[in-house]
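Proteins come first, then strands; the chains are lettered A, B, ... in the order of their sequence lines, and each starts at number 1.
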Amino acid sequence: MLDPKCFRQELEVTASILQKRGFKLDVTLIKDLEEKRRVLQVEVQNLQNERNQRSKEVGIAKSKGEDISSVIASMHGVGAKLEAKQAELDELLDKLHDIYSRVPNLPHDAVPKGLTEEDNLEVRHFGKPKKFDFTPKDHATLGIALGMMDFENAAKITGARFVVLTDKLAKLQRILTKFMLDVHTKEHGYKEIYVPHLVNATSLFSTGQLPKFSADQFNIEGDFNYSLIPTSEVPVTNLARDEIIPEEKLPIKYVAYTPCYRSEAGTYGKDMQGMIRQHQFEKVELVRFEKPENSYQAHEELTSHAEKILQKLELPYRVMALCAGDMGFSAAKCYDLEVWLPSQDKYREISSCSNFESFQARRMQARYRDTKTGKTELIHTLNGSGLAVGRTLVAIMENYQDQNGYIHLPEVLWDYMDGEKVIK
RNA sequence: GGAGAGAUGGCUGAGCGGUUGAAAGCGACGGUCUUGAAAACCGUUGAGGGCGCAAGUCCUCCGUGAGUUCGAAUCUCACUCUCUCCA
């Protein structure tokens, strides 16, 4: 959610900035509703004031034993009027809140212009795509041939976009999460955290999945009005909801490992083969709570932490600065890490690192107390995948395959795999 | 699943329907004292919002949502959560 000031005092500017990401703000409507709001709110508050004053007088008069019937009689009109105006105001505020809840974050000045993927800018890259002297296979072909990756049984058990992993591949996925958690906790100073995988609607609203993107979640039916998390960003970020964090506790850096569940609505036909786009996948997520003046430095740092995993795994990747139109709803600035996939002959997203500034914090009243001024101020929230484990598995399989369809594991994983260097 | 008890500020904990945004204590912060610290004493100390250039002023909030009333932390109803006991 944007600062109400953006809509009340800087409406035109706000609209033009939002246009950069292809969002059209209804300036005329908002101007009109805000003007009505202002008038109505003053009116309601004046009536409330009158009610409070007169009621207080009644109390005093009564304690003195004076006759109060005439005063009370005169108050009946005020009550009814207040009720009507209040209802009118509430309706208006709801309407405004709903409009504002659907407005995306303002892109930071440094964000590249553009509306589509095509306009994203490469910031840097690491490693070079390996040349194969044979035609590299895709991970699904490799996994099925190894007898360790099974989409048919997954479809039987559940449906499309699920996978069954067995043996070494199941183990590889497991140790990858441990490897990532180890790096982030031991080398990057993140605190490991375990959180619920089902969340309520308020939590989804806080991080920006609601109200606009309800169809992207798996919402469970029955007595519990919960949703499966699309990312651990949701439960972890919501730890700060309705909190006032003492300044000295910042920054707070969490790393969480959770499964993620996404409906992938509107992606029919996209990446149907293999593990690239699944309804369920594992992810190690980095989440940070920062003071506003530090958030952009923290964003660079967090991105580099995610990159570190790819570097240690010696996987070629590039860092893309997303253009305004390609960023997620809540982000002010976002880098995507894209890993090289030989079978597709291109880079594919494996991590998304975003600074949300105060956008999420305002939705959930996440604040810190400035020790100098004693005032509360909204924190900045950030997160990034560090990394998507399923896609990391895919990248390892494809980049480290040999002509026989064996997978030669990167050295950093040998110990984790109990000395095993090759999956065959 | 059934039966009870509860939910008040950073924490503990009062609060006959009427100058209660809320006693008291603790904590925190500022000050006095002290070479310094502690103790003692004095003072300050919730959040969100409207209007206004500002000084300021007003409104809302005692788990959530409705209701009764001139007036609700206090009464009524529903819900949520926590604790205890039983299955």
Side-chain angles (χ1 to χ4, degrees), chain A residues 1-11 30-101 195-196 198-206 210 220 222-227 235 238-250 252 289 358-379:
Chain A
M1 197 110 75
L2 300 178
D3 191 328
K5 262 195 213 132
C6 295
F7 302 115
R8 289 175 189 166
Q9 283 140 47
E10 298 148 20
L11 189 55
I30 292 174
K31 211 179 251 178
D32 178 51
L33 291 179
E34 276 294 347
E35 175 58 21
K36 283 186 180 138
R37 189 221 96 236
R38 199 178 58 78
V39 172
L40 207 49
Q41 191 159 3
V42 169
E43 222 170 332
V44 165
Q45 292 188 357
N46 286 341
L47 285 168
Q48 285 172 327
N49 186 21
E50 185 181 347
R51 179 200 62 195
N52 294 346
Q53 295 306 323
R54 305 277 295 273
S55 294
K56 209 172 266 183
E57 284 164 23
V58 170
I60 294 166
K62 203 178 170 189
S63 70
K64 289 180 185 161
E66 292 168 12
D67 180 45
I68 51 172
S69 54
S70 64
V71 189
I72 289 176
S74 75
M75 284 300 289
H76 280 95
V78 176
K81 197 171 168 192
L82 175 59
E83 202 173 331
K85 288 287 178 188
Q86 180 82 62
E88 209 180 320
L89 178 63
D90 286 347
E91 197 184 327
L92 188 55
L93 288 175
D94 279 353
K95 200 166 175 181
L96 280 167
H97 184 259
D98 188 59
I99 292 171
Y100 296 159
S101 300
V195 289
L198 287 165
V199 292
N200 58 35
T202 310
S203 294
L204 286 165
F205 177 84
S206 299
L210 290 182
I220 68 167
D223 292 341
F224 296 92
N225 191 23
Y226 300 151
S227 302
N238 270 276
L239 284 167
R241 168 147 52 92
D242 294 322
E243 295 292 331
I244 299 173
I245 301 166
E247 185 177 357
E248 62 271 19
K249 290 216 173 146
L250 295 175
I252 293 172
F289 303 144
S358 58
F359 189 84
Q360 294 179 326
R362 186 171 293 104
R363 288 168 99 87
M364 63 180 171
Q365 283 298 306
R367 297 148 293 170
Y368 77 99
R369 189 179 304 282
D370 187 306
T371 40
K372 278 204 194 80
T373 64
K375 291 227 183 326
T376 60
E377 207 175 326
L378 295 168
I379 59 168

*How about A/Asp94: does its CG atom have over 12 heavy atoms from other parts shown lying under 6.0 Å from it?*
yes
*Grab the two heavy atoms, one from A/Leu96 and one from A/Leu33, that are nearest each other, plus how far apart they are.*
CD2-CB, 3.8 Å
*Return the minimal non-hydrogen interatomic distance between A/Glu34 and A/Tyr100, and the atom names on each side.*
OE2-OH, 2.6 Å
Give none if [N] has no partner; otherwise give the nucleotide forming a Watson-Crick or G-U wobble pair with it, both distances under 3.5 Å.
N	result
B/rC62	none
B/rU82	B/rA5
B/rA73	none
B/rU19	none
B/rG27	B/rU45
B/rA38	none
B/rU57	B/rG50

[N] versus [M] - spacing of their [atom1] atoms, nearest Å:
N	M	atom1	answer
B/rU74	B/rG21	C1'	15 Å
B/rU60	B/rA73	P	10 Å
B/rA22	B/rG46	P	10 Å
B/rU64	B/rU8	P	10 Å
B/rG52	B/rA23	P	33 Å
B/rG4	B/rG9	C1'	29 Å
B/rG27	B/rA38	P	13 Å
B/rC75	B/rG17	P	7 Å

Does a nitrogen or oxygen in the side chain of [X] sit under 4.0 Å from OP1 or OP2 of [N]?
X	N	result
A/Arg54	B/rG18	no
A/Asn49	B/rC58	no
A/Thr376	B/rA47	no
A/Arg51	B/rG18	no

Can you tell me the distance, in whole Å, between the [atom1] atom of [X] and the [atom2] atom of [N]?
X	N	atom1	atom2	result
A/Lys56	B/rA22	NZ	P	10 Å
A/Gln365	B/rG49	CD	P	6 Å
A/Leu40	B/rC59	CG	P	17 Å
A/Gln41	B/rG48	CD	P	16 Å
A/Gln45	B/rG50	CD	P	9 Å
A/Ile60	B/rC70	CD1	P	19 Å
A/Gln9	B/rC51	CD	C1'	12 Å
A/Gln86	B/rG65	CD	P	13 Å

*Do A/Asn200 and A/Ser203 have a side chain donor and acceptor closer than 3.5 Å?*
yes
*Have A/Asn49 and A/Gln45 got a donor and an acceptor in their side chains that come within less than 3.5 Å?*
no
*With heavy atoms under 4.0 Å as the rule, sort A/Arg369 into base, sugar-phosphate or nothing.*
sugar-phosphate
*A/Asn52 near the nucleic acid: base, sugar-phosphate alone, or nothing, with a heavy-atom cut-off under 4.0 Å?*
sugar-phosphate
Options [options], nucleotide nearest the side-chain atoms of [X]:
X	options	value
A/Ile244	B/rG48, B/rU60, B/rA47	B/rA47
A/Arg38	B/rG52, B/rG18, B/rA47	B/rG52
A/Val42	B/rC59, B/rC51, B/rC70	B/rC51

*asked:* For A/Gln48 and A/Asn52: C-alpha separation, side-chain torsions, deciding distance, then whether side chain to side chain donor-acceptor pair (under 3.5 Å) applies.
replied: CA-CA 6 Å; A/Gln48 285 172 327; A/Asn52 294 346; over 6 Å; no
*If each of A/Arg8 and A/Val44 is mapped to the nucleotide of RNA chain B with the nearest heavy atom, which maps nearer the 5' terminus, i.e. the 5' end?*
A/Arg8
*Select from A/Pro4 and A/Gln53 the residue whose nearest nucleotide in RNA chain B is closer to the 5' end of that strand.*
A/Pro4
*Can you measure from CD (A/Gln41) to CG (A/Leu93) and round to the nearest 0.5 angstrom?*
6.0 Å
*Any donor-acceptor N/O pair, A/Arg363 side chain to A/Phe205 backbone, under 3.5 Å*: yes
